[in-house]
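Report on one structure; see the data block that follows.
Whatever order the structure lists them in is the order used to number ligands and atoms, beginning at 1.
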Amino acid sequence: MRHLIETSDLSTDEIERILHKATQFLPMLDSTTLDSSKRPAQSLAHTNIITIFFENSTRTLSSFECAVKNLGGSITRLDVSRSSTSKGETISDTAANLNAMSPHAIIIRHQSSGAPVHLTKSVSCPIINGGDGAHAHPTQALLDLLTLRQCLGQNLAGKRIGIIGDIKTSRVANSNIELLSRYGAELVLIAPPHFLPPHSKLAYTHDITEVIDSLHAIISLRTQTERHSKQNYGSLRDYANQFCLTKQLIGDRDIVIMHPGPVHHNIDIEDELLKDSRCKVLQQVRNGVAVRMAVLEFFILETKA
Ligand code: NCD
């Protein structure tokens, strides 16, 4: 049984297949007509997919739910606040019980790194990681890869991509670093010292103005205060003075601006820049649905045993 815990669970060939499928799904998502030929095939008809999100989510949960429904599958959302985990049941027990209901996949988000891989031992269906602690967020990295290719061309080799913000506690950064490095992108981390991962071999700077002229794209990340054991910076305002992406900073440079959301307005990205056509945040969200449709088809229909 295959699971999607981190991007390295997929070979580059498999990623190509998933992104190709996602690209085929995209025009179908635009269809506002009732013409059934323009709608995605009902390939997940008669399947039941369980979502169990122990952390808040706006985009990822609804994106997976749209993806399942677009393919004709049905979703059972486990309401964690009402589940027995809040009565002391371990998540392995919860997973074993959910598994006994014979779902075709379980999509999990958890505040602890390693929770999804732990669950793989208690189930007989694919586990799809919707984000675990500061560890990994594979479907976000896949949708970011698709968005970058749409904007910069298929071949990312040699493209300079900045990742700016709270990189140390970001599962999005971790997954993007693995995936984008594999595709030959030149990554540069931009952050104050306390937000940089300690043992990274990647290029880094504390001053975005040093590298901005060389960048083709910048992925901005939220300051994940919920994952900090103590506040190790002055204030978010001080941080924003140096690391917020603004129209003035970007100027007329041809740089793709991305963010996984939720955006801290005027801390991560200035409101004016969010409205700029170089900012691809909503394109990322749209791509997310298509990528998750392709991921679900791949793990539920194509990979067996
Ligand atoms: C991110 C997450 O939850 O990992 N958002 C997302 O899934 N789109 C990033 C974040 O919370 O900052």
Side-chain angles (χ1 to χ4, degrees), residues 4-7 22 51-68 77 80 106-117 127-148 161-180 189-192 194-197 217-229 231 233 236 239-240 243-245 256-269 274 279-293 295-296:
L4 181 58
I5 305 300
E6 49 188 37
T7 46
T51 58
I52 173 163
F53 274 49
F54 290 88
E55 249 188 15
N56 292 342
S57 166
T58 311
R59 271 148 297 273
T60 307
L61 179 60
S62 46
S63 176
F64 269 114
E65 293 192 347
C66 285
V68 171
R77 186 195 297 190
V80 175
I106 298 176
I107 303 162
I108 176 170
R109 167 169 285 195
H110 202 278
Q111 60 278 12
S112 301
S113 300
V117 77
I127 294 275
I128 311 286
N129 182 5
D132 63 326
H135 170 229
H137 195 346
T139 56
Q140 180 69 43
L142 290 170
L143 74 89
D144 286 345
L145 175 61
L146 178 60
T147 311
L148 284 164
I161 299 170
I163 302 181
I164 185 166
D166 184 2
I167 302 161
K168 191 175 172 182
T169 47
S170 171
R171 54 195 174 209
V172 175
N174 263 348
S175 290
N176 268 321
I177 288 169
E178 192 285 315
L179 194 59
L180 297 176
L189 309 183
I190 308 158
H194 47 271
F195 283 168
L196 282 171
I218 310 181
I219 300 172
S220 166
L221 300 170
R222 186 174 64 90
T223 305
Q224 288 147 117
T225 44
E226 76 276 17
R227 292 197 198 115
H228 301 159
S229 47
Q231 184 172 323
Y233 48 87
L236 282 183
Y239 164 81
F243 297 96
C244 181
L245 300 181
V256 174
I257 314 282
M258 297 183 8
H259 192 298
V263 178
H264 269 168
H265 287 248
N266 304 309
I267 303 285
D268 306 336
I269 305 181
L274 274 174
C279 190
K280 306 297 178 190
V281 173
L282 295 179
Q283 188 171 325
Q284 288 172 268
V285 175
R286 181 168 166 278
N287 285 336
V289 176
V291 163
R292 290 179 176 117
M293 288 165 72
V295 162
L296 288 164

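The shortest separation from a heavy atom of E55 to ligand 1 is not under 4.0 Å, leaving the residue out of contact. Residue contact check for ligand 1: G131 places no non-hydrogen atom closer than 4.0 Å to it.
In this structure, atom 3 (O) of ligand 1 lies nearest to the protein heavy atom R171 NH2, 2.9 Å. Protein heavy atom at the shortest distance from atom 7 (O) of ligand 1 is H137 NE2, 2.7 Å.
Considering backbone and side-chain atoms together, G261 places an N or O closer than 3.5 Å to an N or O of ligand 1.
The side-chain contact (heavy atoms from CB on, under 4.5 Å) test with I163 singles out one residue from I177, I218, V172, and that residue is I177.
Each of the atoms 10 (C), 11 (O), 12 (O) of ligand 1 lies under 4.0 Å from some heavy atom of R222. Using a 4.0 Å cut-off to heavy atoms of P260, the atoms of ligand 1 that qualify are 6 (C), 8 (N). Near R59, meaning under 4.0 Å from any of its heavy atoms, are these atoms of ligand 1: 8 (N). Applying the 4.0 Å criterion to heavy atoms of T60 picks out, from ligand 1, the atoms 6 (C), 7 (O), 8 (N).
Put simply, the side chain of N129 gets close to the backbone of I5: a donor and an acceptor are under 3.5 Å apart. At distances below 3.5 Å, at least one donor-acceptor pair connects side-chain atoms of S113 with backbone N or O atoms of A134.
Of all the heavy atoms of Q140, the ones lying under 4.0 Å from any atom of ligand 1 belong exclusively to the side chain.
Aromatic pair Y239/F195: ring centres closer than 6.0 Å.
Between V295 and L4, the shortest heavy-atom contact is CG1-CD2, 3.8 Å. Of all non-hydrogen atoms in L221 and D268, the two that sit nearest each other are O-OD1, 3.6 Å.
With a 6.0 Å cutoff to the six-membered ring centre and a 45° limit on the axis angle, R109 does not count as a cation-pi contact of F53.
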